[in-house]
Amino acid sequence: MFLRQIDELETFFKWLDRLNLIAYNVWNDRQRGSYQNAHMVQMENLYREYISDMRQISNELSLMQKQIAEAKEEAY
């Protein structure tokens, strides 16, 4: 459940990366490098970290769901 939404978010960011690459190929002044280094690199790092954290949390939640289901079976 969660992993599908995380995959969709990751797909969106890959699409955004491709658009930025197109923009950088056309944008040829000093501001391009400044914008890319100051803003986009930081944003890329943050969203990659976010996606990684969400995958880990999702895996932990899936494990907890399995444990709860097993505990319910034992209780019955």
Side-chain angles (χ1 to χ4, degrees):
M1 177 172 90
F2 296 113
L3 289 176
R4 182 174 40 110
Q5 291 174 336
I6 293 168
D7 288 339
E8 289 174 5
L9 183 61
E10 190 171 27
T11 299
F12 170 76
F13 279 116
K14 286 179 182 179
W15 176 77
L16 183 61
D17 285 341
R18 286 193 300 271
L19 289 178
N20 281 333
L21 186 60
I22 291 169
Y24 296 147
N25 287 335
V26 181
W27 188 5
N28 291 318
D29 65 9
R30 284 181 269 148
Q31 296 300 320
R32 177 195 127 181
S34 174
Y35 175 78
Q36 186 175 11
N37 293 330
H39 301 288
M40 293 312 297
V41 170
Q42 182 180 6
M43 184 186 296
E44 282 181 35
N45 290 336
L46 289 173
Y47 86 71
R48 288 176 202 267
E49 183 180 323
Y50 174 78
I51 287 174
S52 176
D53 290 347
M54 289 301 103
R55 283 190 191 281
Q56 181 179 350
I57 290 169
S58 182
N59 289 333
E60 291 171 3
L61 288 174
S62 294
L63 180 60
M64 286 180 192
Q65 284 180 326
K66 288 178 186 176
Q67 291 172 341
I68 290 170
E70 290 171 2
K72 281 173 61 176
E73 280 186 35
E74 282 184 32
Y76 289 128

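The figures that follow rest on heavy atoms only: side chains count, while hydrogens, waters and symmetry mates do not.
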Got a list of side-chain donor-acceptor pairs under 3.5 Å for residues 42-55, not counting sequence neighbours?
unit_1	atom_1	unit_2	atom_2	d
Asn45	ND2	Val41	O	3.3
Tyr47	OH	Asp17	OD1	3.3
Tyr47	OH	Asp17	OD2	2.6
Arg55	NH1	Asp7	OD1	3.1
Arg55	NH2	Asp7	OD1	2.7
Arg55	NH2	Glu10	OE1	2.5

Residue of the set Leu21, Asn28, Ile22 for which side chain to side chain contact (heavy atoms under 4.5 Å, CB included) holds with Asn25: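 One option only clears the test, and that one is Leu21.
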Leu61 side chain near Gln65 side chain, heavy-atom distance below 4.5 Å: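 Leu61 vs Gln65: side chains apart.
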Indicate yes or no: at least one non-hydrogen side-chain atom of Arg32 is less than 4.5 angstrom from one of Tyr35.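 SC-SC contact between Arg32 and Tyr35 ruled out.
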Counterpart residues, side-chain hydrogen bond (donor to acceptor under 3.5 Å, both in side chains), relative to Glu8 (two or more places apart):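 Here no residue qualifies.
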Hey, what do you get for CG (Leu19) to CG (Leu16), rounding to the nearest 0.5 Å?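 The distance works out to 6.5 Å.
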I need the Asn59 CG to Ile6 CD1 distance, nearest 0.5 Å.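 Answer for the CG-CD1 pair, Asn59 versus Ile6, is 8.0 Å.
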Expected list for residues 69-76: side-chain donor-acceptor pairs under 3.5 angstrom, two or more places apart:
none

